[in-house]
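Encoded as structure tokens, the structure appears first; notes follow it.
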There are 2 protein chains.
Amino acid sequence: MNSAKSEVSITVVRRLPKYYQYLKDLEMREVEKISSKQLADLMGLTASQIRQDLNFFGAYGQQGYGYRVTELKDAIRNILGLSRKYKSVVVGAGNLGRAISNYERFGHENIEIVAMFDQDPNKIGKEVGSIPIKDIAEFNDFVEKEGISIAILSVPREVGQKLTDTIVASGIKGILNLVPLDLNVPDDVKVENVNITDSILTVTYYLDDMSEK
Amino acid sequence: MNSAKSEVSITVVRRLPKYYQYLKDLEMREVEKISSKQLADLMGLTASQIRQDLNFFGAYGQQGYGYRVTELKDAIRNILGLSRKYKSVVVGAGNLGRAISNYERFGHENIEIVAMFDQDPNKIGKEVGSIPIKDIAEFNDFVEKEGISIAILSVPREVGQKLTDTIVASGIKGILNLVPLDLNVPDDVKVENVNITDSILTVTYYLDDMSEK
DNA sequence: TAGATTGTTAATCGATTAACAATC
DNA sequence: TAGATTGTTAATCGATTAACAATC
């Protein structure tokens, strides 16, 4: 775990949460060891690929034996940065923002949503679950005071870039973007896009293809 | 547009909705022509890549001129299968399912959400916007009668596979999966995963990396 | 020890980029 | 026509798969 991490390709990084999830499931089912072959079959990958992926970060297995599930899970947990806490806020208290707020911690004890922000006076002051909806005008102060490190963006497309600028100005370096829009941010800000609109079009693409055969 | 479509790599297919979105935006701004270079700069790709991508499907440009925005947009619209209608249902009327239902058509006039399904008697019979929540027990009949082609899955992780089996049994061939779980489906069913939980972990990965430098 | 499986290097495959002739 | 830009082939780069020596 050093800054060489940034040299690991995004392709590999995107597989890490999957490994983590499968290993958590295995641990819950009290599986103690697993070979790269077994894990590959489970996940739909190849054993080679798994061994290559893991070796970007270090050697976590034991020759002739395989991988200890809990040990490997904990290692990947650390690689994913989950050994420290992340306070996050949801920007945009619409339907999707409120749904995400109910996710609560995304199943990860170290990720916490502490507030939502909106500009609608009818929403400001209310709560979703136990998460308060605050005035976007107070965004900067709140981020600084609370040490927020992640913003989850769920506003209408039309104001997506504007609110992104607000988020960037606050010093936040990580954005989970749920708006179907590519955001402009400086190089030191990481944006991860979740584009439901794009995703449904890959479904229609394949459905249409099938109907033509 | 023939069954050779299925030979186009998933990497290219995933870029098609992006092209479509950018071309729609350009058309709205009344831009009439665009070169692969201009579009590449706009989208953060290379001109070569765009020309390669498009040539999987045909030659839509004009040498020495570029691409006519509306013409290319319409071509990609057809490639994405958006020239026919898709009726879809949301399975799971929780917060996320209700948020998606409010998306309405995903901005595409040919995609329609016609119903939601749940097993909670407190939800069945109610409406979200103008979309009725129906009893999951009626799923099969409804799908057949209404000619549903897409299911949007947003149920708790624990029952994700069970409901997937219900969906597959109904004959639906396209699933947009919002559950953080890999689904088992037959080869002829297309699943597109939107995994918000995995996505936030790629954010923590990069944030943690930055804090170590 | 023998068998199993990793860690790692080498080979292959696929995707991106570069180059340029065709042509509008 | 001359300039521009595509369509397409060839070169490069990166990711996946195969192979196998190391070793538990």
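Within every chain, numbering begins at 1; the chains are lettered A, B, ... in the order of the sequence lines, protein sequences first and strands thereafter.
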> Which atoms form the tightest heavy-atom contact between B:N110 and B:L82, and what is the distance?
Replying inline: ND2-O, 2.6 Å

Go through the N and O atoms of the side chain of [X] and the base of [N], and report whether any donor-acceptor pair is under 3.5 Å.
{"X": "A:Q63", "N": "D:dT23", "value": "no"}
{"X": "A:Q52", "N": "D:dT17", "value": "yes"}
{"X": "A:T11", "N": "D:dA15", "value": "no"}
{"X": "A:S48", "N": "D:dA18", "value": "yes"}

To the nearest Å, how far apart are [X] [atom1] and [N] [atom2]?
{"X": "A:R14", "N": "D:dT16", "atom1": "CZ", "atom2": "C1'", "answer": "18 Å"}
{"X": "A:Y65", "N": "C:dT6", "atom1": "OH", "atom2": "C1'", "answer": "13 Å"}
{"X": "B:I50", "N": "C:dT17", "atom1": "CD1", "atom2": "P", "answer": "11 Å"}
{"X": "B:Q49", "N": "D:dA10", "atom1": "CD", "atom2": "P", "answer": "20 Å"}
{"X": "A:D53", "N": "D:dT16", "atom1": "CG", "atom2": "C1'", "answer": "10 Å"}
{"X": "B:L39", "N": "D:dG7", "atom1": "CG", "atom2": "P", "answer": "13 Å"}
{"X": "A:R51", "N": "D:dA21", "atom1": "CZ", "atom2": "P", "answer": "14 Å"}
{"X": "A:N55", "N": "C:dT5", "atom1": "CG", "atom2": "C1'", "answer": "13 Å"}

> If a stem is a run of at least 3 consecutive Watson-Crick or G-U pairs, both distances under 3.5 Å, which stems include DNA chain D?
Replying inline: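 Counting only runs of 3 or more consecutive pairs, the stems involving DNA chain D are C:3-24 with D:3-24.
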
Check the phosphate of [N] against [X], side-chain N and O only, distance under 4.0 Å to OP1 or OP2. Yes or no?
{"X": "A:S9", "N": "D:dA15", "answer": "yes"}
{"X": "A:S36", "N": "C:dT6", "answer": "yes"}
{"X": "A:R15", "N": "D:dT16", "answer": "yes"}

> Is atom NZ of B:K73 surrounded by more than 12 heavy atoms (other residues, nucleotides or ligands) closer than 6.0 Å?
Replying inline: yes

>> For B:K37, is the NZ atom crowded, meaning more than 12 foreign heavy atoms sit under 6.0 Å from it?
In response: no

> Pick one: which of B:E146, B:E112, B:E144 meets salt bridge (charged side-chain N to carboxylate O under 4.0 Å, His left out) with B:K87?
Replying inline: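 Among B:E146, B:E112, B:E144, the one meeting salt bridge (charged side-chain N to carboxylate O under 4.0 Å, His left out) with B:K87 is B:E146.
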
>> Can you list everything that forms a side chain to side chain donor-acceptor pair (under 3.5 Å) with B:E32? Sequence neighbours excluded, please.
In response: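 Once residues adjacent in sequence are excluded, B:E32 has no partner under the side chain to side chain donor-acceptor pair (under 3.5 Å) criterion.
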
>> Tell me if the centroids of the rings in B:Y60 and B:Y67 come within less than 6.0 Å of each other.
In response: no

>> Just checking A:Y20 against A:H108, ring centres under 6.0 Å apart?
In response: yes

> Considering heavy-atom distances to DNA chain C, does B:F56 or A:G66 have its closest nucleotide positioned more toward the 5' end?
Replying inline: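 Of the two residues, A:G66 wins.
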
>> Using a 4.0 Å heavy-atom cut-off, does B:Q62 contact any base of the nucleic acid, only the sugar-phosphate backbone, or nothing at all?
In response: sugar-phosphate

